[in-house]
Amino acid sequence: MNLDFETFEKDVNWFIRPNDIVTFTDRESILNLSENFISAFPKLSQLIQRARMLDFSVNNNPYRLLSWTNKYNKSCGWLTKIEPENTDNFILAREHELLLNEMGGIAESYHQPEPALTNNQYYLFLKSACITGIGEWEEYYENLCEEEDKQPIHYNDFICFALEANGNMTMYEKVSGKVLLFAHDHWFENVDPLEDQPDYTFYTIQDVDNFVDYVEKMAEEWSEDVL
């Protein structure tokens with residue numbers, strides 16, 4: 001059994017169920033990144049090129065495990081999901097599509113750095129999970145804006161690409177690519193309230209202006225934690 005897979009399975013013990021059929025398709029995968037990918041995501045590219053890779057499927061659904069050894073000498077990494085090209089009808093940002101085509105979206109993370117953008121995320125980047133706007137938080141947000149006499153932003157112009165377990169959403173504006181966090185409940189120290197918006201709604205993330213910034217910051221956090 002692959003040690004990285006064993007570690008992942010123990011740390012994310014809810015992912016593979018007793019009756020699931022797991023098939024290993026390639027124990028020494030090689031991920032060839034394009035020049036476009038390397039140019040767009042240099043820090044992520046360097047991190048990926050240091051990864052150990054394992055391709056496998058769960059009930060015929062393909063996944064790739066990207067693993068490193070962290071500073072505590074433990075296996076750590078991301079489970080990326082390889083989705084069909086025709087997944088949904090979303091028109092994503094060019095850089096987002098590039099990320100999905102070559103790396104895939106992140107379905108799970110294990111032995112993560114603390115703190116990190118991957119912490120407590122239900123998913124990151126997965127096209128099948130992306131939504132437009134703020135979902136079930138529309139009424140909450142509209143009511144707060146009315147109570148505080150604030151002008152709501154056009155939240156349906158945003159695509160949520162990362163969802164925390166508590167419902168906080170990270171999104172980018174479809175045209176400009178600007179990244180915002182919608183956080184109804186948070187203890188983050190690296191965010192700032194969006195001007196003229198109610199508390200516990202929209203925030204900017206420090207050092208993150210757009211989608212590429214977000215991805216590169218995530219890669220930097222992990223790079224600092226792995227050997």
Side-chain angles (χ1 to χ4, degrees), residues 14 40-41 43-44 78 81 83 87-100 105-109 112-222 224-225:
W14 59 87
F41 307 111
K43 293 178 182 178
L44 176 63
W78 309 330
K81 187 175 183 180
E83 298 184 303
T87 300
D88 262 323
N89 295 318
F90 272 102
I91 299 176
L92 303 177
R94 180 180 61 86
E95 294 85 358
H96 191 175
E97 289 283 9
L98 179 63
L99 180 76
L100 294 178
I106 299 176
E108 300 285 353
S109 299
Q112 306 171 58
E114 293 280 356
L117 292 174
T118 53
N119 294 162
N120 303 314
Q121 297 287 5
Y122 180 63
Y123 71 87
L124 294 104
F125 316 128
L126 287 172
K127 190 171 185 178
S128 61
C130 288
I131 66 169
T132 297
I134 55 176
E136 64 183 15
W137 299 103
E138 290 184 7
E139 184 176 355
Y140 161 86
Y141 173 60
E142 296 281 357
N143 287 342
L144 283 179
C145 286
E146 184 175 353
E147 290 171 6
E148 300 183 21
D149 196 25
K150 305 285 188 181
Q151 182 66 35
I153 70 168
H154 298 292
Y155 49 77
N156 283 326
D157 292 338
F158 286 78
I159 292 176
C160 171
F161 64 86
L163 178 67
E164 285 186 63
N166 68 355
N168 291 341
M169 309 167 76
T170 307
M171 58 193 68
Y172 61 77
E173 204 272 332
K174 296 176 185 178
V175 176
S176 69
K178 180 178 178 61
V179 166
L180 293 178
L181 171 71
F182 184 86
H184 69 98
D185 175 27
H186 81 87
W187 296 93
F188 299 128
E189 297 181 354
N190 66 328
V191 301
D192 298 303
L194 187 64
E195 187 177 357
D196 295 326
Q197 292 297 298
D199 289 339
Y200 296 102
T201 60
F202 285 100
Y203 296 82
T204 58
I205 303 173
Q206 294 169 9
D207 302 319
V208 173
D209 180 62
N210 53 45
F211 181 78
V212 170
D213 291 341
Y214 184 96
V215 173
E216 288 287 87
K217 184 175 179 66
M218 178 193 73
E220 184 176 7
E221 292 169 339
W222 278 74
E224 291 174 352
D225 205 59

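What you see below is based on every heavy atom in this structure, not just the backbone, and it leaves out hydrogens, waters and symmetry mates.
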Looking at Asp185 and Asn168, would you say the former's side chain and the latter's main chain have a donor-acceptor pair under 3.5 Å? no
A side-chain contact here means heavy atoms from C-beta on lying under 4.5 Å apart; do Phe202 and Met171 qualify? yes
Step by step, would you call Glu108 with Trp14 a side-chain contact (heavy atoms from CB on, under 4.5 Å)? CA-CA 11 Å; Glu108 300 285 353; Trp14 59 87; 3.3 Å; yes
Interatomic spacing from CZ in Arg94 to CZ in Phe211 - rounded to 0.5 Å: 11.5 Å
Taking CG in Asp149 as the centre, count heavy atoms belonging to other residues, nucleotides or ligands within less than 6.0 Å. Is the count above 12? no
Full working for side-chain contact (heavy atoms from CB on, under 4.5 Å) between Thr201 and Phe182: CA-CA 5 Å; Thr201 60; Phe182 184 86; 3.9 Å; yes
Is it the case that atom CG in Asn156 sees more than 12 heavy atoms from other parts of the structure closer than 6.0 Å? yes
Is the shortest side-chain heavy-atom distance between Leu194 and Leu180 below 4.5 Å? yes
I'd like to check Leu100 versus Leu92 (side-chain heavy atoms, cut-off strictly below 4.5 Å). Are they in contact? yes
Taking the side chain as every heavy atom from C-beta outward, state whether Met218 and Ile106 have any pair of such atoms under 4.5 Å apart. yes
Tell me whether Tyr122 at atom OH has more than 12 heavy atoms from other residues, nucleotides or ligands lying less than 6.0 Å away. no
Results of side-chain contact (heavy atoms from CB on, under 4.5 Å) for Asp192 - residues two or more places apart only: Thr204, Gln206
Residue pair Asp213 / Asn210, side-chain heavy-atom distance below 4.5 Å: yes
Taking every non-hydrogen atom, the tightest pair across Phe188 and Glu164: CZ-OE2, 3.1 Å
Output side-chain donor-acceptor pairs under 3.5 Å for residues 134-145, partner residues at least two apart or in another chain, one line each.
residue	atom	partner	partner atom	Å
Tyr140	OH	Tyr200	O	2.8
Tyr141	OH	Ile153	N	2.9
Tyr141	OH	Gln197	OE1	2.3
Glu142	OE2	Tyr155	OH	2.9
Asn143	ND2	Glu139	O	3.2

Assess, by modelled atom type and distance only, whether the side chains of Thr118 and Trp78 contain a donor and an acceptor separated by less than 3.5 Å. no
Residue set satisfying side-chain contact (heavy atoms from CB on, under 4.5 Å) with Asn119, at least two apart, ordered chain then number -> Gln112, Glu114, Pro115, Ala116
Tell me the closest heavy-atom pair linking Leu124 and Gln121, and the distance in Å. CD1-CB, 3.6 Å
Given the rule in the side-chain contact (heavy atoms from CB on, under 4.5 Å) test, do Gln151 and Asp196 qualify, once you have shown the distances and angles that lead to the verdict? CA-CA 8 Å; Gln151 182 66 35; Asp196 295 326; over 6 Å; no
Taking every heavy atom of Gly105 against every heavy atom of Phe125, the minimum-distance pair comes out as CA-CB, 4.1 Å
Within this structure, what is the NZ-CG distance for the pair Lys217 and Asp209, rounded to the nearest 0.5 Å? 13.0 Å
For Glu220, check salt bridge (Lys or Arg N to Asp or Glu O under 4.0 Å) against everything at least two apart and list the hits. Lys43
Glu148: which residues meet the salt bridge (Lys or Arg N to Asp or Glu O under 4.0 Å) condition with it, sequence neighbours left out? none
Per the side-chain hydrogen bond (donor to acceptor under 3.5 Å, both in side chains) rule, what does the pair list look like for residues 170-179, sequence neighbours excluded? His96-Tyr172, Glu173-Ser176
Distance check, rounded to the nearest 0.5 Å: Ile131 atom CD1 versus Met169 atom CE? 3.5 Å
Taking all heavy atoms of Trp222 and all of Pro113, pick out the closest pair and write down the distance. CE2-CD, 3.4 Å
Given 3.5 Å as the limit, does a donor-acceptor pair link the side chain of Glu83 with the main chain of Leu126, or not? no
Please test Leu44 against Leu99 for side-chain contact (heavy atoms from CB on, under 4.5 Å), starting from the C-alpha separation and ending with a verdict. CA-CA 10 Å; Leu44 176 63; Leu99 180 76; 3.5 Å; yes
Determine the minimum heavy-atom distance between Ala40 and Leu98, stating which atoms define it. CB-CD2, 3.9 Å
Any sub-3.5 Å donor-acceptor pair from Tyr123's side-chain atoms to Ala129's backbone N or O? yes
